[in-house]
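Lettering follows sequence order; numbering is per chain, from 1. As the structure is a computational prediction, the values presented were derived from the model and not from experiment.
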Amino acid sequence: MENKAIDVGVLAGKILVEAGSEMWRVEDTTKRIVDHASENKTEAFTSLTGLLVNLKDTPYTRFMQVEKRGINMNNINSVNALSRQYTENKLTLDELEEKLLQINDSKPQYPLWLQTIGAGFEGAFFMFIFTQTYNWEDFPLAFFAGALGYLVTYYVGTRVRIRFMSEFLGALTVGLCAVIGVRLHLGINVQNIIIGAVMPTLPGIPIINSMRDIFEGNLLSGIERLMESLIILSAIAFGVGLVLRYM
Amino acid sequence: MTFYHFFIQATFSYLGTFTFGLFINLPKKALNISSLIGMVGWILYWFIFKFGYGSILGNYLAALLVGLLGIIFSFKKAMPSTMFSSGLVPLVPGASGYQALSAFINGETVLAISKTTHVAMVAGAIALGYVTAQMIVDLVNKKNNVA
């Protein structure tokens, strides 16, 4: 029973880290699941690349590696709801494990085309917000650049093992779209279009989570996340800068 | 500042946060609320900025409001408060970041460093505001049962 609970707890923690949850929730959920099945005290060590859970005074210790990280709010919500149902005895351990495995294999609830359109519109809408300008002529080009940049980031991210290349190429695409589009008189202001369209690739949520982790005392994961976000920001700056400098 | 400008700022911050929710896979129940929170936070920032109180205070207070609303709705909807953190997205200092980058490229290093510092301070203000909201709720809430 304890042996199984610790397996399920680590699985829940792994799904949460992969979905980009803050570390406080990862530790809390894992401990809650394992504590519910055992009298002994649970201890957890969490970082962005792996989880270690130990049940005191027993031979049970588990380590699980985390290989990919992204943002998937729906998974955080589902795991959170399931762990609450389990601790309220509405689910057995076997049912919990089955549902967690389903979540682990689930696809995003919005298809890729909708995500891409969302990214394009986000770029176009935030162009108005960030620059405080009201140039409707730039709207289509910002939409197109944002959507294409998101698609490139997505595909390179799924195909290439080297991290940060996807963000660099995405930002490069956004810059090239903006500059070429303006040269073809499809838009007016290169600067505004880039500011808006690069928005979907920016690591906004990870930066906020890193600050939360640091303030809540999870120094290791906070610094890991901050460094990851800063490198992503540099990759984006490099991609946009290359276009601005040489075109 | 006309009604037209206000209308555009409000609707576009709502729609921008909504479309952002689509590719971070936000649950359908949370999409509308997080977008409304994003709109309210942005409007607060916009007013503070337009009345000349500077962007640091504006970002801090807006992030505080977003954090508080997020926690209130996380209790109401029984969802983690992280679901509503996408309301911070309109506050991202995108334009200042771009100005810093273009100053670096043009070789104006002093301007670039001052812009970068400004971006870092705005990011710090947003994070601090968001954490302050959590702190206020922890202090007020007697049951230590934070969603």
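The side chain to side chain contact (heavy atoms under 4.5 Å, CB included) with A:Arg225 is formed by just one residue from the set A:Asn218, A:Ile207, A:Asn209, A:Leu230; it is A:Asn209. Just one of A:Thr87, A:Leu96, A:Asn77 meets the side chain to side chain contact (heavy atoms under 4.5 Å, CB included) condition when paired with A:Leu82; it is A:Leu96.
The closest side-chain heavy-atom distance from A:Phe125 to B:Thr17 is not below 4.5 Å. Two residues are said to be in side-chain contact when any heavy atoms from C-beta on lie closer than 4.5 Å; B:Ser96 and B:Val122 fail this criterion.
One side chain, B:Tyr60 or B:Thr132, offers a donor N or O that lies under 3.5 Å from an acceptor on the other. Donor-acceptor pairing under 3.5 Å is lacking for the side chains of B:Tyr98 and A:Gln191.
Within the 4.5 angstrom heavy-atom criterion, atoms from both the backbone and the side chain of B:Lys28 approach chain A. No part of A:Ile214 comes within reach of chain B, as not one of its non-hydrogen atoms sits under 4.5 angstrom from that chain. Using a 4.5 Å cut-off between heavy atoms, A:Ile208 contacts chain B through its side chain alone, with no backbone atom that close. Only the side chain of A:Phe215 has a heavy atom closer than 4.5 Å to any heavy atom of chain B. For a residue to count as touching a neighbouring chain, one of its non-hydrogen atoms must lie under 4.5 Å from one of that chain's; by this rule B:Leu88 touches chain A with the side chain only. Heavy atoms of A:Phe126 lying under 4.5 Å from chain B belong exclusively to its side chain. The part of B:Val131 that comes within reach of chain A is its side chain, from C-beta onward, which places non-hydrogen atoms under 4.5 angstrom from that chain. Both the backbone and the side chain of A:Gln109 come within less than 4.5 Å of a heavy atom of chain B. In this structure, chain B has no heavy atom under 4.5 Å from any part of A:Ala81.
Of all heavy-atom pairs between B:Ser35 and B:Phe18, the closest is OG-CA, 3.3 Å.
Counting heavy-atom pairs under 4.5 Å between each of A:Gly120, A:Gly118, A:Gly123, A:Ser210 and chain B puts A:Gly118 at the top.
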